[in-house]
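Since the structure comes first, as structure tokens, the remarks are kept for the end.
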Amino acid sequence: MVKTPRGTSDEYITVFDDTPVSIVLWHDNQVVTLGSTLCGALPMDKIRRYDRKNKTFHEIPCPKIVKVYNKHMGGVDLMDAHIGRHHISMKSKKWYFRLFYHLVDMAVVNSWILFSAKQNGKKMSQKEFRTELAVTLCNLGLKETSKRGRPSASKDEQEVTKRMKASAATKPPLPVIRD
């Protein structure tokens, strides 16, 4: 297929559980392989492509499956691109850990997109967002306030006069409150 001219396509069709499956190979800059149960190569359309040798635009045939893919591809490819830039790079032999890390990456990217949509003028990169998220989650259980009351005299007196106090619930950090 690599030696064929640009715009050439081949289609292979099979039926599995009474559902036709179409596999289309199309030669654009490189060979593109697509599979679908929705549509196939026909009807062929024309698209404009730039020829680097002649430095002109040419019209080449394009299968319908490529048009449908390009129309609906935005979300998945964009998510993969965002995850690929900054992902959790912990290796594991257990497959379910990798799945868990991928799900965490997807949740972080989705929250970054929502956060960016709510920010009017201030832009924050995904790396800065991940760093701030990690710091906020690490500081979630820490107290921010200092001790109240009179300072104690010495450790001996402190051990003798130690009383059981009810622990007050810790206040979450400011970024968590404002989130």
Handout entry: Listed partners of His86 passing side-chain hydrogen bond (donor to acceptor under 3.5 Å, both in side chains), at least two apart
Key = none
Can you name the side-chain contact (heavy atoms from CB on, under 4.5 Å) partners of [X], sequence neighbours left out?
X      : value
Gln119 : Phe115, Lys122
Val104 : Ile88, Phe100, Val108
Thr136 : Glu132, Pro175, Val176
His82  : Leu78, Arg85, Val109, Trp112, Ile113, Gln126

Are [Y] and [X] linked, directly or through intermediate hydrophobic residues, by side-chain heavy-atom contacts shorter than 4.5 Å (ILVMFWY only)?
X      : Y      : answer
Val68  : Leu34  : no
Val135 : Leu137 : no
Met106 : Leu114 : no
Leu99  : Met90  : yes
Phe57  : Ile60  : no

Which donor-acceptor pairs under 3.5 Å do side chains of residues 42-50 form with protein atoms, sequence neighbours excluded?
from: Arg49; atom 1: NE; to: Asp28; atom 2: OD1; distance (Å): 3.1
from: Arg49; atom 1: NE; to: Asp28; atom 2: OD2; distance (Å): 3.2
from: Arg49; atom 1: NH2; to: Asp28; atom 2: OD2; distance (Å): 3.2

Practice task
Go through the side-chain N and O atoms of His87 and Ser89 and say whether any donor and acceptor fall under 3.5 Å apart.
Solution key: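 There is no such pair (donor and acceptor under 3.5 Å, judged by atom type) between the side chains of His87 and Ser89.
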Got a list of side-chain donor-acceptor pairs under 3.5 Å for residues 14-25, not counting sequence neighbours?
from: Thr19; atom 1: OG1; to: Asp17; atom 2: O; distance (Å): 3.3
from: Ser22; atom 1: OG; to: Glu11; atom 2: OE2; distance (Å): 2.7

How long is the gap from [atom1] on [X] to [atom2] on [Y], to the nearest 0.5 Å?
X      : Y      : atom1 : atom2 : result
Ile65  : Ser9   : CD1   : OG    : 10.5 Å
Asp80  : His102 : CG    : NE2   : 6.5 Å
Lys123 : Ser116 : NZ    : OG    : 7.0 Å

Handout entry: For Trp26 against Pro61, the heavy-atom pair lying closest together
Key = NE1-O, 3.0 Å
Exercise for the section: Run through the side-chain heavy atoms of Ile, Leu, Val, Met, Phe, Trp and Tyr, join any pair under 4.5 Å, and report what else lands in Ile13's cluster. Expected result: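 Noted: Ile13 shares its cluster with no other residue.
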Practice task
Sorted by first residue and then second, give each side chain to side chain donor-acceptor pair (under 3.5 Å) pair with at least one member in residues 32-42; sequence neighbours left out.
Solution key: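 Pairs touching residues 32-42 that pass the test: none.
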Practice task
Could you go through the side chain to side chain contact (heavy atoms under 4.5 Å, CB included) check for His27 and Asp10 one step at a time?
Solution key: CA-CA 9 Å; His27 187 198; Asp10 285 339; over 6 Å; no
Problem - Selection residues 92-116 - residue pairs positive for salt bridge (Lys or Arg N to Asp or Glu O under 4.0 Å), sequence neighbours left out - result: Asp105-Arg130
Practice task
For residues Arg52 and Asn29, determine if any side-chain heavy atom of one lies less than 4.5 Å from a side-chain heavy atom of the other.
Solution key: yes
